[in-house]
Amino acid sequence: MPFTLSFQYEPFDALLKKLSDHAEGVGIPEGFVANSSYWLVDDEAGIVGVSNLRHVLTPALRLEGGHIGYGIRPSLRRRGYGVEILRHSLAKAAALGLKRVLLTCGKDNIGSVRVILANGGKLESEEFHPPRNEVLQRYWIDLAHDGSD
Ligand SMILES: CC(C)(COP(=O)(O)OP(=O)(O)OC[C@H]1O[C@@H](n2cnc3c(N)ncnc32)[C@H](O)[C@@H]1OP(=O)(O)O)[C@@H](O)C(=O)NCCC(=O)NCCS
């Protein structure tokens, strides 16, 4: 789940300010980079999920985290929202000028693997990642692709 979910949400104005500061790269913690949060909202269900787009990669993000993290509310999973939130987040990444984005994912996280593949992810590498005690996969999604194949 994106780390921004752990932010204190009251007072709400302060949360909005913090999120917009993060997007501007203002006052962010050491080692972090400018990042934008997006909420997937359904008219009836309300907030469905959240994504976080890192504007640039650091060596640490290249290893784990990549450009985009996302999560869907547990009660609303397996309805296509995961594919949807990544699709919208990729459009935001393209608007930011990124030509390709890196996604990292636990190999056993079948839902996330399928979300990435459904959005055109190409597996670059996978290796055991001791801090998480699991095999991590890295996928690239090409945003410059014109869709004509
Ligand atoms: C991963 C996650 C975002 C998927 O969201 P979702 O809304 O359930 O995804 P979708 O409904 O779009 O499902 C996409 C595909 O994955 C499949 N899928 C989803 N969850 C699955 C699961 N637990 N087991 C097997 N398949 C699963 C769906 O059936 C669908 O299959 P299809 O390609 O045949 O259509 C969600 O499970 C989640 O928030 N997990 C916790 C946070 C997380 O892991 N984020 C990703 C970090 S890398």
Side-chain angles (χ1 to χ4, degrees), residues 1-9 12 15-16 18-20 22-23 25 28-149:
M1 283 293 193
F3 72 101
T4 39
L5 272 190
S6 65
F7 288 177
Q8 200 179 324
Y9 52 85
F12 192 60
L15 173 65
L16 295 182
K18 189 166 180 173
L19 291 175
S20 87
H22 269 249
I28 51 178
E30 181 77 28
F32 281 61
V33 297
N35 60 90
S36 301
S37 292
Y38 300 104
W39 309 90
L40 185 66
V41 180
D42 176 86
D43 284 345
E44 283 173 21
I47 293 175
V48 169
V50 60
S51 75
N52 185 256
L53 167 64
R54 275 70 82 165
H55 298 191
V56 294
L57 292 177
T58 60
L61 286 170
R62 274 180 195 282
L63 210 58
E64 185 198 2
H67 282 103
I68 302 175
Y70 46 83
I72 298 298
R73 246 167 76 188
S75 59
L76 295 175
R77 289 180 186 168
R78 306 199 73 161
R79 299 181 191 194
Y81 286 128
V83 172
E84 189 80 348
I85 200 167
L86 181 55
R87 188 171 65 80
H88 286 296
S89 303
L90 293 172
K92 296 291 185 187
L96 202 65
L98 298 182
K99 300 290 179 244
R100 59 179 198 152
V101 299
L102 179 71
L103 281 299
T104 74
C105 175
K107 185 176 185 171
D108 294 337
N109 190 344
I110 307 298
S112 191
V113 168
R114 296 188 77 92
V115 163
I116 294 168
L117 292 176
N119 277 283
K122 302 274 185 291
L123 183 65
E124 182 199 61
S125 64
E126 64 176 40
E127 61 190 316
F128 184 71
H129 189 59
R132 285 174 49 154
N133 194 31
E134 66 174 348
V135 174
L136 257 195
Q137 293 187 326
R138 290 182 197 85
Y139 293 86
W140 286 101
I141 298 180
D142 190 356
L143 301 178
H145 188 260
D146 65 7
S148 61
D149 254 6

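Ligands are counted one by one from 1 in listed order, and the atoms in each one are counted from 1 as well.
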Considering [options] one by one, which has a heavy atom nearer to [atom] than any of the others?
atom	options	result
atom 9 (O) of ligand 1	Pro2, Gly82, Gly69, Ser51	Gly82
atom 14 (C) of ligand 1	Val83, Leu103, Ile110, Ile68	Val83
atom 4 (C) of ligand 1	Leu76, Val50, Val115	Val115
atom 30 (C) of ligand 1	Met1, Arg73, Arg114	Arg114

When you measure from [atom] to every protein heavy atom, which one gives the shortest distance, and what is it?
atom	value
atom 45 (N) of ligand 1	Tyr70 O, 2.7 Å
atom 20 (N) of ligand 1	Gly111 CA, 3.5 Å
atom 44 (O) of ligand 1	Asn109 ND2, 2.8 Å
atom 8 (O) of ligand 1	Arg78 N, 2.7 Å
atom 37 (O) of ligand 1	Arg77 CD, 3.3 Å

* Does some non-hydrogen atom of the protein lie less than 4.0 angstrom from atom 35 (O) of ligand 1? -> no
*Take atom 42 (C) of ligand 1 and look for protein heavy atoms under 4.0 Å from it; say yes if you find one, no if not.*
yes
Thr104 heavy atoms within 4.0 Å reach ligand 1 at atoms 48 (S)
Numbered in order shown, the ligand 1 atoms found under 4.0 Å of a heavy atom of Gly71 are 39 (O)
State, with a plain yes or no, whether a side-chain heavy atom of [X] is found less than 4.5 Å away from one of [Y].
X	Y	answer
Val33	His55	no
Asp42	Leu76	no
Cys105	Glu126	no
His67	Leu61	no

Might you point out which heavy atoms bring [X] and [Y] nearest each other, and give the distance in Å?
X	Y	answer
Lys99	Asp142	O-OD1, 3.3 Å
Leu63	Thr104	O-CG2, 4.1 Å
Val101	Ala93	CG1-CB, 3.8 Å

task = Determine yes or no for a side-chain-to-main-chain donor-acceptor pair under 3.5 angstrom, with Arg87 supplying the side chain and Asn119 the backbone.
result = no
Requested in this report: Would you check if the side chain of Arg54 reaches a backbone N or O of Gly65 as a donor-acceptor pair within less than 3.5 Å?
Outcome: yes
Rounded to the nearest 0.5 angstrom, the CG-CG distance for Leu103 and Leu90 is 7.0 Å
Rounded to the nearest 0.5 Å, the CD1 atom of Ile116 sits from the CG atom of Asn109 at a distance of 8.0 Å
Query raised in the report: Does Leu86 have a non-hydrogen atom less than 4.0 Å from ligand 1?
Result: no
Can you find a non-hydrogen atom of Gly80 under 4.0 Å from ligand 1?
yes
If we only count N/O pairs under 3.5 Å, is Ile72 in contact with ligand 1?
yes
Return a yes/no value for Ser112: is any of its N or O atoms, backbone included, closer than 3.5 angstrom to an N or O of ligand 1?
no
Short version for Glu84: what comes under 4.0 Å of ligand 1, heavy atoms counted, is neither
